[in-house]
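Here is the structure we will look at, set down as structure tokens.
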Amino acid sequence: MENVLSSTGDGKLDQAINQWLQFDENPQTVALVQGLVKEGAVGELRRCFGSRMEFGTAGLRAAMGPGISCMNDLTIIQTTQGFCKYLEQCFGQCLKERGVVVGFDARAHPPSGGSSRRFASLAAAVFTCRGVPVHLFCDITPTPFVPFAVSHLGLCAGVMVTASHNPKQDNGYKVYWENGAQIVPPHDKGISVAIEANLEPWPESWDITSLSHSPLLKDPFQDIHTEYYRAIQQHCHHRDINKSSGGEGVLVSHTLREEGDTVLQQKGGQWRVFSGNELGALLGWWVYQCWKQTNPDQSTVKSVYMLASTVSSKILRAIALKEGFHFEETLTGFKWMGNRARELLDQNKIVLFAFEEAIGYMCGSAVLDKDGVSAAAIAGEMTSYLAAKNITLSQQLTAVYEEYGYHITKNSYFICHDQAVIRAMFDRLRHYGNQEDVSYPRQCGGVAITAVRDLTTGYDSSQADNKAVLPPPICYTELSGVKHTIYYTELCVAPGNRYKHTIYYTELCAAPGNRYKHTIYYTELCAAPGNSDVAGLQKELDDLVNAIVEDFFQPQKNNLLSKPE
């Protein structure tokens with residue numbers, strides 16, 4: 001197709017399109033863009049070129065296709081050039097001595113010629129043309145292999161080309177730092193600035209054919225595969241039971257599943273799907289029991305830590321209070337848990353487990369990120385152990401709740417595409433009954449609100465200085481990608497009350513960068529051990545959630561769409 005210059009009438013848009021056509025060497029994406037220009041498809045061109053993908057702590061994630069808003073050959077090259085320049089600034093000559101690792105999943109997008117494998121090869125070509133050694137996996141690999149390789153090989157950084165649980169047409173560019181955890185501020189901003197300063201492809205960046213004979217390229221697959229599974233085995237304490245039950249054969253098919261709830265077939269043929277919080281309770285209990293059995297000197301329990309994100313169940317806190325180890329909550333996302341785990345490990349602490357309610361688990365500290373492979377292996381062993389004692393997972397979960405207190409959760413969200421409505425909704429909550437001064441609600445549905453933490457403003461009424469903090473001491477105002485977040489708690493200790501020790505909490509948040517504008521709520525009722533009136537607890541939580549929805553969200557007034565069933 002002949003060169004077609006864009007003339008949409010929008011100068012900024014035309015500039016972005018024409019620069020793209022100048023830089024892009026992928027004939028498929030060039031043809032797609034030129035076809036849209038010829039057709040005068042301004043709406044579609046604006047979708048592809050209206051704004052560049054924002055590089056954040058989660059790296060990049062977007063649909064595959066042409067343009068600066070999508071994942072494609074050119075945006076991969078531009079991103080890697082910026083990342084490479086930033087690494088050069090941070091590590092200097094050490095970058096050429098230590099190198100990086102690059103992995104990829106199986107995603108592909110034939111219309112644009114893009115695929116995770118090709119994107120990984122282009123990223124490797126960019127690094128090697130700057131003299132940086134690259135450990136490029138030869139085949140598709142589980143995401144945890146990349147952070148494990150960073151730590152195991154002592155590399156400066158890692159890149160995993162994957163969009164995790166996103167739709168199949170999406171892809172992503174996930175970045176790990178030298179500590180084996182995902183990047184956190186200020187690295188995201190530094191990389192973003194470097195990307196903008198290195199948009200024009202370097203002469204060798206497109207040349208993936210040079211990889212076949214580059215002395216800088218290595219394939220870490222066999223070594224990492226062996227060492228990773230050796231590390232997993234350290235957390236499996238009942239391998240004889242696994243073998244006798246056929247568990248090892250089952251694990252072969254299950255350990256490569258990165259996402260998804262665990263499903264249990266119950267008596268009568270019905271299936272039970274465990275939530276992310278319920279799996280967190282089971283795995284947390286199991287990992288601690290295994291540690292306790294292999295560490296008879298209980299004085300070391302004070303060095304043990306478990307972590308969970310702030311919107312996840314507080315069941316680990318309840319277990320920690322009774323057993324004597326430490327529990328910490330972090331900001332949402334494994335980048336925060338992974339980096340906090342690294343800090344604790346550097347202080348000679350023991351990090352046994354971390355999880356988030358969105359089905360992410362870190363068992364042990366070999367991988368400082370969510371790791372569905374090791375979690376599946378450990379869950380399989382736990383299931384085999386319980387089955388040998390004729391105990392089902394449902395029965396064990398009940399036993400955990402009976403011992404440490406029932407933790408009942410209810411999470412959902414509304415969709416609102418009008419940011420003005422979301423802003424007004426949260427402004428109302430910050431000036432509840434007082435438009436002049438900050439004044440949060442003091443009750444909801446007849447339940448007293450005794451503490452408020454507002455992640456956007458950095459306010460926490462439970463702190464002496466009213467400044468919001470989380471252990472580790474990360475101020476809520478540093479939370480990137482999420483705005484308008486308010487966290488309410490109610491603590492009731494009443495000896496004559498049926499529920500004696502009940503904690504309610506909810507987090508309301510809106511993430512403006514999401515494809516769909518979500519306003520999310522997370523709620524949990526934490527009952528005292530011994531309170532087994534599950535139906536009563538569930539009704540109490542349901543009543544409170546209904547009040548939260550009506551009082552705080554006002555869905556009818558704000559025209560909010562309920563979560564699709």
Side-chain angles (χ1 to χ4, degrees), residues 57-59 61 100-107 116-117 120 123 135-166 171-184 219-236 251-262 276 279-280 283 287 307 309 333-342 345 351-356 358-381:
T57 53
R61 197 169 292 183
V100 301
V101 61
V102 180
F104 57 92
D105 66 13
R107 290 170 180 259
S116 295
R117 182 186 294 270
H135 299 262
L136 174 64
F137 283 97
C138 64
D139 205 348
I140 58 174
T141 189
T143 297
F145 278 25
V146 170
F148 181 82
V150 172
S151 298
H152 178 67
L153 300 174
L155 308 178
C156 290
V159 173
M160 180 65 191
V161 183
T162 180
S164 187
H165 56 273
N166 273 38
N171 216 323
Y173 188 100
K174 194 173 184 179
V175 173
Y176 295 89
W177 202 243
E178 65 170 337
N179 62 0
Q182 294 180 57
I183 59 168
V184 292
D219 175 16
F221 188 89
Q222 194 58 53
D223 175 46
I224 295 304
H225 185 275
T226 300
E227 294 301 324
Y228 173 84
Y229 283 105
R230 183 174 295 158
I232 285 181
Q233 289 172 7
Q234 296 176 10
H235 300 289
C236 295
L251 288 179
V252 171
S253 62
H254 283 289
T255 52
L256 294 181
R257 290 181 58 187
E258 293 291 322
E259 300 288 341
D261 294 334
T262 289
L279 284 175
L283 285 170
V287 169
L307 312 174
S309 66
F334 262 90
K335 53 183 170 287
W336 301 106
M337 283 181 276
N339 278 276
R340 179 53 179 161
R342 180 74 270 165
L345 292 169
V351 181
L352 286 183
F353 181 64
F355 90 101
E356 61 181 2
I359 316 171
Y361 308 97
M362 185 184 92
C363 299
S365 54
V367 174
L368 300 182
D369 194 15
K370 63 180 176 181
D371 182 355
V373 181
S374 62
I378 292 169
E381 181 180 76

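Numbering starts at 1 and runs along the sequence shown. Note that these values count all heavy atoms, side chains included, but never hydrogens, waters or copies made by symmetry.
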Tell me every residue that passes side chain to side chain contact (heavy atoms under 4.5 Å, CB included) with Leu345, counting only those two or more places apart in sequence or in another chain. Arg342, Val351, Ser365, Leu368
Might you point out which heavy atoms bring [X] and [Y] nearest each other, and give the distance in Å?
| X | Y | result |
| --- | --- | --- |
| Ala231 | Phe148 | CB-CE1, 4.0 Å |
| Thr143 | Thr162 | OG1-CG2, 3.8 Å |
| Pro144 | Val373 | CG-CG2, 4.4 Å |
| Gly180 | Pro147 | O-CB, 3.4 Å |
| Ser309 | Glu356 | OG-CB, 3.6 Å |

Salt bridge (charged side-chain N to carboxylate O under 4.0 Å, His left out) pairs, two or more places apart, involving residues 148-157: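 For residues 148-157: none.
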Any side-chain heavy-atom pair of Asn339 and Asn179 under 4.5 Å: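 SC-SC contact between Asn339 and Asn179 confirmed.
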Within a strict 4.5 Å, meaning less than it, do heavy atoms of the Met337 and Met362 side chains meet? no
Hey, which of Leu307, Leu283, Val287 is the one that makes side-chain contact (heavy atoms from CB on, under 4.5 Å) with Leu352?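 Only one of Leu307, Leu283, Val287 forms a side-chain contact (heavy atoms from CB on, under 4.5 Å) with Leu352, namely Val287.
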As an exercise, state the distance from NE2 of His135 to CG of Leu153, rounded to the nearest 0.5 Å. 5.5 Å
Roughly how far, to the nearest 0.5 Å, is SG of Cys363 from CD of Glu381? 11.0 Å
Checking side-chain contact (heavy atoms from CB on, under 4.5 Å) for the pair Arg117/Asp139: CA distance, chi angles, key distance, verdict? CA-CA 8 Å; Arg117 182 186 294 270; Asp139 205 348; 3.1 Å; yes
The criterion is ring pair (Phe, Tyr, Trp, His ring centres under 6.0 Å); which residues satisfy it with Phe221, sequence neighbours excluded?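 Checked Phe221 against ring pair (Phe, Tyr, Trp, His ring centres under 6.0 Å); matches are His225.
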Return the set of residues passing ring pair (Phe, Tyr, Trp, His ring centres under 6.0 Å) with Tyr173 (not counting sequence neighbours), or none when no residue passes. none
Restricting to side-chain hydrogen bond (donor to acceptor under 3.5 Å, both in side chains), what partner residues turn up for Asp369, sequence neighbours left out?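 Partners of Asp369 under the side-chain hydrogen bond (donor to acceptor under 3.5 Å, both in side chains) test: Lys174, Tyr176, Gln182.
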Just jot down the side-chain hydrogen bond (donor to acceptor under 3.5 Å, both in side chains) partners of Ser116, sequence neighbours excluded, or say none. Asp105, Asn171
If the test is side-chain hydrogen bond (donor to acceptor under 3.5 Å, both in side chains), which one of Asp371, Asp223, Thr141 qualifies with Tyr228? Asp371
Short side-chain to backbone donor-acceptor contact, Tyr361 and Phe353, under 3.5 Å: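 Side chain of Tyr361 to backbone of Phe353: no pair is present.
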